[in-house]
Q: 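Before anything else, here's the structure in question.
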Amino acid sequence: MLRSTVAHILKSDESPGQVKVEGWVRTKRDSKAFSFIELNDGSCLANLQVIADATIPGYKESVVHLTTGASLSVSGKVVPSQGKGQKWEIQADEVTLLGKADDDYPLQKKGHSMEFMRSIAHLRPRSNLFGAVFRVRSRMAYSIHRFFQEKGFVYVHTPIITASDCEGAGEMFRVVTMEGEEFNVGEEEFFDKPTYLTVSGQLEGETFACALSNIYTFGPTFRAENSHTSRHAAEFWMIEPEMAFCDIEGDMDLAEEMIRFLVEDALDACEEDLSFFNKFVDKGLIERLEFVRDRSFERVTYTEAIDLLKKSGKTFEYPVDYGLNLQSEHERYLTEEHFKCPTTVYNYPKEIKPFYMRKNDDGKTVAAMDLLVPGIGEIIGGSQREERLDVLRENFEAHELDEKEYSWYVDLRRYGTVPHAGFGLGFERLLMFVTGVANIRDVIPFPRTPGSAEF
RNA sequence: UCCUCUGUAGCUCAGCGGUAGAGCGGGUGGCUGUUAACCACUAGGUCGUUGGUUCGAAUCCAACCGGAGGAGCCA
């Protein structure tokens, strides 16, 4: 008999009749004449209640000794539940123990701390919370592809090992083949030159946009920053669209449309999991997501943002002044207190932004934009790229960069240059926003952070 | 890298100078269409590590290691 999933059985309108289900025991309650077994196979948040009568074969040997975490194969008939709390339950004819769980199985019915769950990252997807997080993660990855594919964007695989430093994106991991004392910088490089794990596929993405018009990347990204915060990881996934014949306005439009599309899709497709988050993780989650879905985002220039902050009457720990970076506390004020909704800040002073951003006509600012969301801060960073060869060359000089290192990037401006723009979306930050989970380590299966690369 | 907090049973935590505790989880028995089930009994610990102070340290001090939060950097 083919295996049915718990999700399939629970959403049936009529009884599917005789079925086989397989999964892991979440909890068991014994009665004199039978046992209740809560079986979960990860296909959905809910468990299937199994009624194992004391008369079924092997009851005394296996069912009585079942503990949380054991794996089972159950055959039986799906019947309407006599109890409250579930529509269907399965009256078992046969319960086969596939694998018992030792009595030190760490997951319990009671709540565990997130820190403890990180220490058992190989078992935590068996919990309600992490099962839900990773189902939503899968759905959002699918939805990102759907969003772009339906718009005719071409998915490009930019290299993971790269020799180019997307300046301003952060510290890089060095790729070497030698170990320890064998390693001398510049000597016997496998690739003939120093190479790193990518911090961004943007520069390579630009080359494909300047051929296929609209492209996106979606892949792993690496930063060797020694960051100890709830929003940073050494390995994370990033989505980077790049559009030819597009300016900063079109770039911001796409970013906002994308966030709204993903939030709407999560509300539609992940209802059960989001309800769980709303109940146990973040009580205002669904209300906030619906707000994002239904309302337009705020959009202010950097200069306006500085004015708002100065007029706010708030005292900030860090100074607010034109030419200074917006600090976390400033971003938080704008999006959480002033506008109370996702906010795009654009046109930043050129001095605080990287060389590739397009200089505006005012000569002072560049066409950069950051999309800030409440609770997380920056979720998207992007810009219109400098397509004018002479201005790009001035930028190399101003940023003290060697043009020769970027010859292929410069070529794009020599051979049929076009206005183009793009942005980077941190996939895990999106997931934090959509699930309400507060720590990036809890939305990535096996998080890599400074000093920690277990599993 | 800087600042702050934290480390006691499988898990969550109490104890804060004088014989190591509770709840949950495990085991055994009972009871009940139960659903964070319930009741009784029971097993379970080099109190992060090393050193110091003390008659005596889980408790006080120092260093180190691990974990967390914040800042910076950014996605």
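Note: hydrogens, waters and symmetry copies are ignored here, and every other heavy atom, side chains too, is used. Convention: sequence-line order gives letters A, B, ...; per-chain numbering from 1.
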Q: Can you give one letter per nucleotide of nucleotides 24-29 of chain B, 5' to 3': B if a protein heavy atom sits under 4.0 Å from the base, S if only from the sugar-phosphate, - if neither?
A: BSSSS-
Q: Suppose we screen for side-chain contact (heavy atoms from CB on, under 4.5 Å). Which residues come up paired with Arg295(A), at least two apart in sequence or across chains?
A: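 Arg295(A): side-chain contact (heavy atoms from CB on, under 4.5 Å) contacts with Phe291(A).
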Q: Is there a donor on the side chain of Arg231(A) or the base of A75(B) sitting less than 3.5 Å from an acceptor on the other?
A: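 For Arg231(A), whose side chain was compared with the base of A75(B), there is no donor-acceptor pair (under 3.5 Å).
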Q: Is there a Watson-Crick or G-U wobble partner for C41(B) with both distances under 3.5 Å, and if so, which one is it?
A: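 Base-paired to G27(B).
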Q: For Leu425(A) and A75(B), give me the distance from atom CG to atom P, rounded to whole Å.
A: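 In whole Å, A75(B) P lies 11 Å from Leu425(A) CG.
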Q: For Glu272(A), enumerate each residue passing the side chain to side chain donor-acceptor pair (under 3.5 Å) test, keeping only those at least two apart in sequence or located in another chain.
A: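 Result, side chain to side chain donor-acceptor pair (under 3.5 Å) vs Glu272(A): none returned.
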Q: I want to check one thing: is the phosphate of G70(B), taken as OP1 and OP2, less than 4.0 Å away from some side-chain N or O of Arg332(A)?
A: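 It does not, given that no N or O in the side chain of Arg332(A) lies less than 4.0 Å from OP1 or OP2 of G70(B).
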Q: So what does Ile379(A) touch, heavy atoms closer than 4.0 Å: a base, only the sugar-phosphate, or nothing?
A: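 Sugar-phosphate, backbone atoms only, no base.
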Q: Who are the side-chain contact (heavy atoms from CB on, under 4.5 Å) partners of Thr344(A), not counting sequence neighbours?
A: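 Applying side-chain contact (heavy atoms from CB on, under 4.5 Å) to Thr344(A) gives Met252(A), Glu256(A), Arg299(A), Met369(A), Leu371(A).
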Q: Please state the C1' separation for the pair U53(B) and C61(B) - nearest whole angstrom.
A: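 One C1' to the other, the span is 7 Å.
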Q: Determine the contact category for Gln49(A): base if any of its heavy atoms lies under 4.0 Å from a base atom, sugar-phosphate if only primed atoms, P, OP1 or OP2 are that close, otherwise nothing.
A: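 The residue Gln49(A) makes base contact.
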Q: Of the nucleotides U32(B), G33(B), C73(B), which one has an atom closest to the side chain of Lys32(A)?
A: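 Of U32(B), G33(B), C73(B), U32(B) is nearest to the side chain of Lys32(A).
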Q: Starting at CG of Asp41(A), measure out to CH2 of Trp24(A) and round the result to the nearest 0.5 Å.
A: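 Going from CG on Asp41(A) over to CH2 on Trp24(A), the span is 7.5 Å.
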Q: With heavy atoms under 4.0 Å as the rule, sort Glu89(A) into base, sugar-phosphate or nothing.
A: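 Base contact.
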Q: Evaluate whether atom CZ of Phe208(A) has more than 12 neighbouring non-hydrogen atoms of other residues, nucleotides or ligands under 6.0 angstrom away.
A: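 Result for CZ/Phe208(A): open.
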Q: What does Glu428(A) touch in the nucleic acid at a heavy-atom separation under 4.0 angstrom: a base, only the sugar-phosphate, or nothing?
A: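 Here Glu428(A) touches no strand at all.
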Q: Between Thr162(A) and Glu204(A), do the side chains contain an N or O donor and an N or O acceptor separated by less than 3.5 Å?
A: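 The answer is yes; a qualifying pair exists.
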Q: Taking the same atom, C1', in G7(B) and in C16(B), what whole-Å distance lies between them?
A: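 The answer is 15 Å between these two C1' atoms.
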Q: Under 6.0 Å between ring centres: does that hold for Tyr406(A) and Phe396(A)?
A: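 Yes.
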Q: Looking at A75(B), U34(B), U1(B), which one has an atom nearest to any side-chain atom of His232(A)?
A: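 When the side chain of His232(A) is considered, A75(B) is the closest of A75(B), U34(B), U1(B).
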Q: Please report, rounded to the nearest Å, how far the P atom of A71(B) is from the CD atom of Glu331(A).
A: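 It works out to 10 Å between those atoms.
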Q: Side chain of Arg429(A): nearest nucleotide among G33(B), A75(B), G72(B)?
A: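 Output: A75(B).
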Q: Quick one: salt bridge (charged side-chain N to carboxylate O under 4.0 Å, His left out) pairs with a partner in residues 67-88 of chain A, sequence neighbours left out?
A: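 Residue pairs with at least one partner in residues 67-88 of chain A: there are none.
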Q: Apply side-chain contact (heavy atoms from CB on, under 4.5 Å) to Asp370(A) and list each qualifying residue two or more places apart in sequence or on a separate chain.
A: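 By the side-chain contact (heavy atoms from CB on, under 4.5 Å) rule, Asp370(A) matches Tyr348(A), Lys353(A), Leu372(A), Glu378(A).
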Q: Could you pull out all residues at least two apart from Phe34(A) that satisfy ring-ring contact (aromatic ring centres under 6.0 Å, His included)?
A: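 Only Phe36(A) meet the ring-ring contact (aromatic ring centres under 6.0 Å, His included) criterion with Phe34(A).
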Q: Does Glu329(A) reach a base, just sugar-phosphate, or nothing at all? Heavy atoms under 4.0 Å.
A: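 The residue Glu329(A) makes no contact with any strand.
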Q: Any base atoms under 4.0 Å from Phe236(A), or only sugar-phosphate, or nothing? Heavy atoms, all strands.
A: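 Since a base atom lies under 4.0 Å of Phe236(A), the category is base.
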Q: What residues in residues 76-84 of chain A put a non-hydrogen atom under 4.0 Å from any atom of RNA chain B?
A: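 Result for residues 76-84 of chain A: Ser81(A), Gln82(A), Gly83(A), Lys84(A), sorted by number.
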Q: Is there any protein nitrogen or oxygen under 3.5 Å from a nitrogen or oxygen in nucleotides 67-69 of chain B, and what are the pairs?
A:
residue	atom	partner	partner atom	Å
A68(B)	OP1	Arg118(A)	NH1	3.4
A68(B)	OP1	Arg441(A)	NE	3.4
G69(B)	OP1	Asn439(A)	ND2	2.2
G69(B)	OP2	Asn439(A)	ND2	3.4
G69(B)	OP2	Arg441(A)	NH1	3.0

Q: With the stacking rule set at 5.5 Å and 30°, tell me whether Phe36(A) counts as stacking on G33(B).
A: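 Not stacked: fails the 5.5 Å / 30° test.
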Q: Check the distance between A71(B)'s P and Asn325(A)'s CG and give it to me in whole angstrom.
A: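 Going from Asn325(A) (CG) to A71(B) (P), I get 14 Å.
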Q: If you measure from the P atom in C60(B) to the same atom in C5(B), how many Å do you get, rounded?
A: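 Here C60(B) and C5(B) have their P atoms 14 Å from each other.
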Q: Please collect all salt bridge (charged side-chain N to carboxylate O under 4.0 Å, His left out) contacts where either partner lies in residues 437-455 of chain A, sequence neighbours excluded, each pair once.
A: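 Non-adjacent pairs meeting salt bridge (charged side-chain N to carboxylate O under 4.0 Å, His left out): Arg118(A)-Asp442(A), Arg124(A)-Asp442(A).
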Q: Now, which nucleotide makes the Watson-Crick or G-U wobble pair with G18(B), with each of the two distances under 3.5 Å?
A: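 Partner of G18(B): C55(B).
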Q: Determine the interatomic distance between C1' on U4(B) and the same-named atom on C55(B); round to the nearest Å.
A: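 Those two atoms are separated by 37 Å.
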Q: Enumerate the residue pairs fulfilling side chain to side chain donor-acceptor pair (under 3.5 Å) with a member in residues 320-334 of chain A, sequence neighbours excluded, ordered by first and then second residue.
A: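 Only Lys310(A)-Asp321(A) qualify under side chain to side chain donor-acceptor pair (under 3.5 Å).
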Q: In whole Å, what is the span from the CE atom of Met117(A) to the P atom of U12(B)?
A: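 Taking CE of Met117(A) and P of U12(B), I get 10 Å after rounding.
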Q: Is Ser113(A) near enough to U12(B) that one of its side-chain N or O atoms lies under 4.0 angstrom from OP1 or OP2?
A: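 It does, given that an N or O in the side chain of Ser113(A) lies less than 4.0 Å from OP1 or OP2 of U12(B).
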Q: Both distances below 3.5 Å, Watson-Crick or wobble geometry, any strand: find the nucleotide opposite A75(B).
A: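 Partner of A75(B): none.
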Q: Check the distance between A75(B)'s C1' and Phe427(A)'s CZ and give it to me in whole angstrom.
A: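 Spelled out: CZ on Phe427(A) to C1' on A75(B) is 13 Å.
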Q: Rounding to an integer number of angstrom, what distance separates U54(B) and A62(B) when you compare their C1' atoms?
A: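 These two C1' atoms come out 16 Å apart once rounded.
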Q: Taking the side chain as C-beta and beyond, is there a heavy-atom pair between Val19(A) and Ile9(A) under 4.5 Å?
A: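 Val19(A) vs Ile9(A): side chains touch.
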Q: When the distance from NZ of Lys87(A) to C1' of U35(B) is rounded to whole Å, what number comes out?
A: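 Spelled out: NZ on Lys87(A) to C1' on U35(B) is 19 Å.
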Q: Calculate the interatomic distance between Tyr318(A) atom OH and C73(B) atom P; express it in whole Å.
A: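 Going from Tyr318(A) (OH) to C73(B) (P), I get 9 Å.
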Q: Could you tell me how far U12(B) sits from U49(B) if I compare only their C1' atoms? Round to whole Å.
A: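 24 Å, rounded to whole Å.
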Q: Just the rounded figure in Å: distance from C1' of G33(B) to CG of Asp53(A).
A: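 Distance check: Asp53(A) CG to G33(B) C1' gives 12 Å.
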Q: Who pairs with Phe218(A) by ring-ring contact (aromatic ring centres under 6.0 Å, His included), at least two apart in sequence or on another chain?
A: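 ring-ring contact (aromatic ring centres under 6.0 Å, His included) list for Phe218(A), sorted by chain: His145(A), Trp237(A), Phe427(A).
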Q: If C64(B) has a Watson-Crick or G-U wobble mate with both distances under 3.5 Å, name it; if not, just say none.
A: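 For C64(B), the partner nucleotide comes out as G48(B), under the 3.5 Å rule.
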